[in-house]
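Please read these numbers as outputs of a predicted model, since none were measured by experiment.
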Amino acid sequence: MKQQTLIGTKRQLAVMLNLSERRITDLVTAKILPPRGPEGFDLVASVRGYIGFLKSEPGNLKSERLRYAKVKADLLGLQLEERTGKLVLREAVAKKLFELQRRNRDAIFNIPARLSGIVAAESDQEVDFQLLTWELNQAMQKLSTQ
């Protein structure tokens, strides 16, 4: 039994596939749809060509579902790592680092305020040296324990 060829216009094919006539032209240019013959478009061949194109498209429903599942699994994995403490938010680290640096800077810059009166009143340079060394050592110990 020989299959009858159904011939239609570009407009009819566009309506059948729910596409614009411009899109039909683009699909013909891309060799997804067979070119128009002298009488019009072979509707059966055109529909089959378009269905084949949709099945091979990387954005089809199956691949999108797989991509979504992978993204969701990755997100759940990150949330688990955050809850177990293996992952720390960048903002939290930046805030803590800023606080530590501010505290360390203040500790070092406060040394002159704490010692200037003592050093000015002290006539022995060795005592001044020991006081400054002790204060700097204290500041450095605070740095190393944070």
Side-chain angles (χ1 to χ4, degrees), residues 5-37 40-146:
T5 304
L6 298 173
I7 304 296
T9 65
K10 182 191 289 187
R11 178 83 188 129
Q12 289 171 328
L13 181 58
V15 169
M16 284 180 65
L17 298 177
N18 196 26
L19 300 172
S20 68
E21 291 183 46
R22 173 69 188 155
R23 183 65 177 144
I24 297 295
T25 302
D26 292 343
L27 293 171
V28 170
T29 303
K31 300 188 188 309
I32 293 166
L33 298 179
R36 179 185 172 132
F41 284 95
D42 180 341
L43 297 178
V44 174
S46 295
V47 169
R48 285 183 179 156
Y50 188 64
I51 289 172
F53 165 71
L54 291 177
K55 285 183 178 178
S56 67
E57 254 191 331
N60 65 25
L61 186 58
K62 184 177 179 181
S63 68
E64 288 300 312
R65 283 184 179 157
L66 289 173
R67 189 178 70 79
Y68 173 77
K70 183 184 180 327
V71 169
K72 190 172 181 178
D74 290 345
L75 180 61
L76 289 173
L78 290 173
Q79 288 173 343
L80 177 64
E81 287 183 356
E82 182 182 359
R83 286 184 180 155
T84 59
K86 292 180 183 177
L87 179 69
V88 181
L89 295 177
R90 180 190 318 213
E91 293 83 18
V93 171
K95 182 180 178 185
K96 186 65 174 175
L97 183 60
F98 177 80
E99 290 170 3
L100 289 173
Q101 289 173 335
R102 170 70 56 102
R103 191 177 326 142
N104 294 336
R105 185 201 67 178
D106 291 347
I108 291 170
F109 281 128
N110 284 333
I111 291 173
R114 284 195 308 273
L115 296 182
S116 62
I118 298 170
V119 170
E122 183 60 53
S123 60
D124 188 355
Q125 186 177 358
E126 181 62 29
V127 173
D128 291 342
F129 179 81
Q130 288 175 357
L131 279 170
L132 289 169
T133 302
W134 187 85
E135 283 289 335
L136 288 171
N137 282 334
Q138 290 296 102
M140 294 304 286
Q141 284 180 356
K142 286 181 182 177
L143 286 173
S144 66
T145 59
Q146 295 176 4

Measure the [atom1]-[atom2] distance between [X] and [Y] for me, rounded to the nearest 0.5 Å.
X      : Y      : atom1 : atom2 : value
Phe41  : Leu33  : CZ    : CG    : 7.0 Å
Glu122 : Leu115 : CD    : CG    : 11.5 Å
Ile108 : Glu135 : CD1   : CD    : 11.5 Å
Arg48  : Leu43  : CZ    : CG    : 12.0 Å
Ile51  : Leu17  : CD1   : CG    : 8.0 Å
Ile32  : Ser46  : CD1   : OG    : 12.0 Å

Heavy-atom pair with the smallest gap, counting every atom of Val28 and Pro34 |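 Closest pair (atom of Val28, atom of Pro34, distance): CG2-O, 4.1 Å.
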
May I have the step-by-step check of side chain to side chain contact (heavy atoms under 4.5 Å, CB included) for Trp134 and Gln138, ending in yes or no?
-> CA-CA 6 Å; Trp134 187 85; Gln138 290 296 102; 3.7 Å; yes

Could you check if a side-chain atom of Asp128 sits within less than 4.5 angstrom of a side-chain atom of Ile118, using non-hydrogen atoms only?
->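 No, every pair of side-chain atoms sits at 4.5 Å or beyond.
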
Does a side-chain heavy-atom distance below 4.5 Å link Lys10 with Thr25?
->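 Of all side-chain heavy-atom pairs linking Thr25 with Lys10, at least one is under 4.5 Å.
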
Is the count of non-hydrogen atoms from other residues, nucleotides or ligands lying under 6.0 Å from Asn18 atom CG greater than 12?
->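 For Asn18, atom CG is not crowded (no more than 12 foreign heavy atoms under 6.0 Å).
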
Answer yes or no: does atom CZ of Arg114 have more than 12 heavy-atom neighbours from other residues, nucleotides or ligands under 6.0 Å?
->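 It does: Arg114 CZ has more than 12 such atoms within range.
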
Ser20: what forms a side-chain contact (heavy atoms from CB on, under 4.5 Å) with it, not counting sequence neighbours?
->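 Counting only residues at least two positions away or on another chain, Ser20 forms a side-chain contact (heavy atoms from CB on, under 4.5 Å) with Arg22, Arg23.
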
Solution key, residues 74-96 side-chain donor-acceptor pairs under 3.5 Å, sequence neighbours excluded:
residue, atom, partner, partner atom, Å
Asp74, OD2, Lys70, NZ, 3.0
Thr84, OG1, Leu80, O, 3.0
Thr84, OG1, Glu81, O, 3.2

Before giving the answer on side chain to side chain contact (heavy atoms under 4.5 Å, CB included), spell out for Asn104 and Asp106 the whole-Å C-alpha distance, their side-chain angles and the decisive distance to 0.1 Å.
-> CA-CA 5 Å; Asn104 294 336; Asp106 291 347; over 6 Å; no

